> 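One structure, pasted below without further comment.
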Amino acid sequence: MDILALILVLATIVGTVDAETIRIKDNAGQKITLKLACIYVPKATAQAIPATQKLKQLLPPLSPVVIRRTEKLRSDRIVGEVFVNNRSVNLLMVESGNAIVDRETLQNCSESKTQYLIAEANAKNHRWGLWQQSNNPITQPKILSWRGKLIYEEIPPVMSVKAYLGEEFFLISHTPNQTRLVLRPSVQVSRDQLRSLQNQEVEITAEYVAGTRPSPNQVACPLDADGQCMPQGAGYQVLSIKLAK
């Protein structure tokens with residue numbers, strides 16, 4: 001039976017891609033990429049690395065899990081809620097401060113909506129994980145050099161958090177944690193140049209930019225825990241790029 005035809009799926013963990021994406025295998029051996037439903041982890045922050053480590057801790061390879069599928073993206077990609085011992089891993093990520101609630105898709109977790117919001121408020125109050133920035137802003141190095149694989153992901157034409165954030169270029173770095181960085185075009189390196197190097201091993205220099213928040217009165221936007229628009233444009237602005245030798 002096709003894994004994507006089911007609402008509840010029995011599966012085994014293959015591995016962790018990043019703080020909100022995993023690989024699973026169903027009982028027939030089919031491998032599927034799964035995006036954790038109802039949560040969001042800003043990738044262009046230093047806390048994304050420990051958040052990924054937390055997810056790996058919660059979901060080590062070969063762990064048996066139950067998946068409640070909420071959305072089908074492609075034949076090999078789904079969105080869903082992951083359960084281990086009847087506990088939602090998505091919710092555990094929010095409770096520990098390693099993810100924030102994606103209010104735009106929270107209706108997909110309607111049965112536990114209140115739990116998600118309470119968990120986020122508690123994590124924020126204690127300054128756990130991603131919320132450490134409130135009191136202890138992380139100092140980003142001005143110019144960074146990275147080596148890794150350049151990935152391009154097409155932005156969906158429909159209104160979504162991904163479309164709002166405009167995140168389409170990523171670098172999977174050659175580090176022990178395989179950090180996934182959000183890349184942004186710049187005056188020096190255009191979007192077309194980045195697009196031409198997709199799936200290539202590259203070397204880059206980049207400068208971190210925090211992004212800006214539009215006013216909710218001016219534009220429809222996904223909101224964070226403070227009721228403010230999520231920042232747009234956050235990521236590493238590419239200053240130079242070349243094929244890795």
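Note that the structure is a prediction, hence the values are computed from the model and not measured.
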> Is there a path from L194 to L243 through hydrophobic residues (I, L, V, M, F, W, Y) whose side chains come within less than 4.5 Å of each other?
yes

> Kindly compute the distance separating CD (E167) from CZ (F169), expressed to the nearest 0.5 Å.
12.5 Å

> Where do W128 and N122 land on the side chain to side chain contact (heavy atoms under 4.5 Å, CB included) test, with the steps shown first?
CA-CA 9 Å; W128 290 334; N122 188 55; 3.6 Å; yes

> Mind checking the CG-CG spacing from N199 to L150? Nearest 0.5 Å is all I need.
8.0 Å

> Please give me the minimum heavy-atom distance between P185 and R191, naming the atom from each residue.
CB-N, 3.7 Å

> Show, in sequence, the C-alpha distance, side-chain angles and deciding distance for C221 and Q232, and conclude whether the side chain to side chain contact (heavy atoms under 4.5 Å, CB included) test is met.
CA-CA 10 Å; C221 63; Q232 290 179 301; over 6 Å; no

> Could you tell me whether K113 atom NZ has more than 12 heavy atoms of other residues or ligands within 6.0 Å of it?
no

> Please report the interatomic distance CG(L8) to CZ(R69), rounded to the nearest 0.5 Å.
10.0 Å

> Among side-chain atoms of S186 and Q237, is any donor-acceptor pair under 3.5 angstrom?
no

> How far apart are the C-alpha atoms of I24 and I13, what are their side-chain angles, what is the distance that settles it, and do they pass the side chain to side chain contact (heavy atoms under 4.5 Å, CB included) test?
CA-CA 5 Å; I24 61 173; I13 298 298; 4.0 Å; yes

> Does one hydrophobic cluster hold both L10 and F83, with members joined at side-chain heavy-atom distances below 4.5 Å?
yes

> Hey, does the side chain of S63 reach the backbone of P60 with a donor-acceptor pair shorter than 3.5 angstrom?
yes

> Say you draw a straight line from CD of Q193 to CZ of R195; how long is it, rounded to the nearest 0.5 Å?
14.0 Å

> Flag the pair E153 and R180 as a salt bridge only when some basic side-chain nitrogen lies within less than 4.0 angstrom of an acidic carboxylate oxygen.
yes

> Could you tell me how the ring of Y236 sits relative to the ring of W146: parallel (under 30°), tilted (30 to 60°) or perpendicular (over 60°)?
perpendicular

> Distance check, rounded to the nearest 0.5 Å: L181 atom CG versus I172 atom CD1?
8.0 Å

> Which residue is it: V14, L58, V82, V65? I am looking for the one with a side-chain contact (heavy atoms from CB on, under 4.5 Å) to I22.
V82

> A side-chain contact here means heavy atoms from C-beta on lying under 4.5 Å apart; do C38 and E81 qualify?
no

> What closest approach, in Å, do V41 and A19 show between heavy atoms, and which atom pair accounts for it?
CG1-CB, 3.6 Å

> Between R87 and E95, is a salt bridge (charged side-chain N to carboxylate O under 4.0 Å, His left out) present by the stated rule, with each step listed?
CA-CA 12 Å; R87 296 201 67 187; E95 287 180 349; 3.6 Å; yes

> Look at atom CG of N85 and say whether more than 12 heavy atoms of other residues, nucleotides or ligands are closer to it than 6.0 Å.
no

> Consider side-chain contact (heavy atoms from CB on, under 4.5 Å). Of T12, V17, I32, L34, which one does R23 pass it with?
V17

> Hey, is the main chain of R77 close enough, under 3.5 Å, to the side chain of T33 for a donor-acceptor pair?
no

> Considering all heavy atoms of both residues, which atom of L183 and which atom of V238 are nearest to each other, and what is their separation?
CB-CG2, 4.0 Å

> Checking side-chain hydrogen bond (donor to acceptor under 3.5 Å, both in side chains) for the pair N108/T105: CA distance, chi angles, key distance, verdict?
CA-CA 6 Å; N108 294 329; T105 62; 4.8 Å; no

> Specify the closest pair of heavy atoms between Y116 and C109, including all atoms of both residues, with the distance to one decimal.
CE1-CB, 3.9 Å

> Does L92 offer a backbone N or O that forms a donor-acceptor pair with the side chain of N98 under 3.5 Å?
no

> Within this structure, what is the NZ-CD distance for the pair K25 and Q30, rounded to the nearest 0.5 Å?
12.0 Å

> Can you name the closest pair of heavy atoms from C229 and Y164 and give their distance?
CB-OH, 3.6 Å

> Between the main-chain N or O of A37 and the side-chain N or O of N90, is there a donor-acceptor pair closer than 3.5 Å?
yes

> Tell me whether R103 is salt-bridged to E120, with the criterion being a basic N under 4.0 Å from an acidic carboxylate O.
yes

> Work out which heavy atom in M93 is nearest to a heavy atom in A51; give both atom names and the distance.
CE-O, 3.5 Å

> A quick test of your reading: do over 12 heavy atoms of other residues, nucleotides or ligands sit less than 6.0 Å from CD of Q107?
yes

> So does L91 get a backbone contact from the side chain of S88, meaning a donor-acceptor N/O pair under 3.5 Å?
yes

